[in-house]
Amino acid sequence: MNAPWIRYWHGLSPALRRYYRASLWPSLLFIALAVLHEWAARQSGIALPLRIGFALAPVPAMAWMFACYLRFLRDCDELERRIELGALAWAAGIVLHAAMAALFLLDAGLADWSGRHVAASLGLLLVVSYALIRGWLHRRYA
């Protein structure tokens with residue numbers, strides 16, 4: 001009997017398989033640069049230009065992943081594109097509303113959150129809401 005991950009892989013559309021293969025290197029690069037950023041952020045003797053470079057180094061890798069995703073959107077069929085765009089729209093709307101709520105709570109003095117925690121929470125909310133909605137839409141249209 002095939003392993004579950006093999007069955008999962010063969011159940012994916014060709015466009016999604018190409019996307020996963022194409023995004024492997026940019027994802028690994030992003031992780032490596034994020035770890036390097038974390039290390040550099042804790043070093044006190046690094047010059048300011050290098051600190052800026054380490055801080056922004058993961059951004060081009062993320063842009064590379066985004067370019068792979070845009071290519072995937074162009075390659076996928078109409079139903080898959082509808083699912084992806086629906087998940088993106090829902091996730092963006094959820095995060096937009098959460099950001100507005102956080103801003104109003106902070107402005108009213110009802111919350112005392114750091115900017116770092118707000119940004120991290122909104123990023124996590126974006127990824128999680130996209131994944132959950134995408135999964136729900138796949139089951140709904142399958």
Side-chain angles (χ1 to χ4, degrees), residues 3-142:
W5 65 272
I6 293 174
R7 283 195 309 268
Y8 172 76
W9 180 259
H10 289 296
L12 297 175
S13 72
L16 194 53
R17 275 189 256 158
R18 279 191 304 273
Y19 166 65
Y20 283 158
R21 280 192 300 267
S23 64
L24 178 64
W25 286 114
S27 298
L28 292 174
L29 180 63
F30 175 80
I31 291 168
L33 291 172
V35 168
L36 187 61
H37 156 71
E38 278 298 313
W39 171 82
R42 293 175 187 354
Q43 305 303 314
S44 60
I46 297 178
L48 183 61
L50 281 175
R51 290 176 66 85
I52 293 170
F54 283 127
L56 297 177
V59 175
M62 182 64 95
W64 187 11
M65 285 191 292
F66 186 65
C68 291
Y69 183 76
L70 291 177
R71 193 173 311 118
F72 159 68
L73 282 179
R74 192 175 53 240
D75 292 345
C76 62
D77 64 20
E78 187 175 329
L79 177 60
E80 197 166 30
R81 188 176 303 117
R82 179 179 176 172
I83 290 169
E84 290 295 326
L85 294 177
L88 285 172
W90 272 100
I94 289 168
V95 172
L96 178 65
H97 284 84
M100 291 297 294
L103 285 172
F104 286 129
L105 288 170
L106 287 166
D107 189 51
L110 299 172
D112 188 25
W113 304 316
S114 71
R116 172 185 270 187
H117 289 115
V118 171
S121 299
L122 291 174
L124 184 62
L125 180 61
L126 179 65
V127 171
V128 169
S129 63
Y130 166 77
L132 290 174
I133 292 166
R134 183 177 179 267
W136 174 71
L137 288 173
H138 266 283
R139 280 192 243 6
R140 179 177 176 205
Y141 290 120

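Both backbone and side-chain heavy atoms feed into the values below; hydrogens, waters and symmetry mates do not.
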Residues, nucleotides or ligands: over 12 heavy atoms within 6.0 Å of [X] [atom1]:
X     : atom1 : result
Trp25 : CH2   : no
Arg21 : CZ    : yes
Glu78 : CD    : no

Which atom names give the shortest non-hydrogen contact between [X] and [Y], and what distance separates them?
X      : Y     : answer
His37  : Pro58 : CB-CG, 4.4 Å
Ala15  : Glu80 : CB-OE1, 4.2 Å
Leu33  : Ala57 : CD1-O, 3.3 Å
Leu137 : Ile83 : CD1-O, 3.6 Å
Ser129 : Val95 : OG-CG2, 4.5 Å
Leu122 : Ala98 : CD2-CB, 3.9 Å

Can you tell if the side chain of Tyr141 reaches within under 4.5 Å of the side chain of Arg82, non-hydrogen atoms only?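 Tyr141 vs Arg82: side chains touch.
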
Are any non-hydrogen side-chain atoms of Trp39 and Ile46 less than 4.5 angstrom apart?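 They are in side-chain contact.
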
Donor-acceptor check, side chain of [X] to backbone of [Y], threshold 3.5 angstrom: yes or no?
X      : Y      : value
Arg74  : Leu70  : no
His138 : Arg134 : no
Arg81  : Cys76  : yes

Between atom [atom1] of [X] and atom [atom2] of [Y], what is the distance when rounded to the nearest 0.5 Å?
X      : Y      : atom1 : atom2 : result
Ser27  : Trp64  : OG    : CH2   : 9.5 Å
Arg71  : Phe66  : CZ    : CZ    : 12.0 Å
Leu106 : Trp113 : CG    : CH2   : 6.0 Å
Leu73  : Tyr19  : CG    : OH    : 9.0 Å

Between Leu16 and Tyr20, is a side-chain contact (heavy atoms from CB on, under 4.5 Å) present by the stated rule, with each step listed? CA-CA 6 Å; Leu16 194 53; Tyr20 283 158; 3.9 Å; yes

Students often mix this up, so state it plainly: with edges at 30° and 60°, are the rings of Phe72 and Tyr69 parallel, tilted or perpendicular? tilted

Output yes when Glu38 and Arg42 qualify as a salt bridge under the 4.0 Å nitrogen-oxygen rule, no when they do not.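 A salt bridge links Glu38 with Arg42.
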
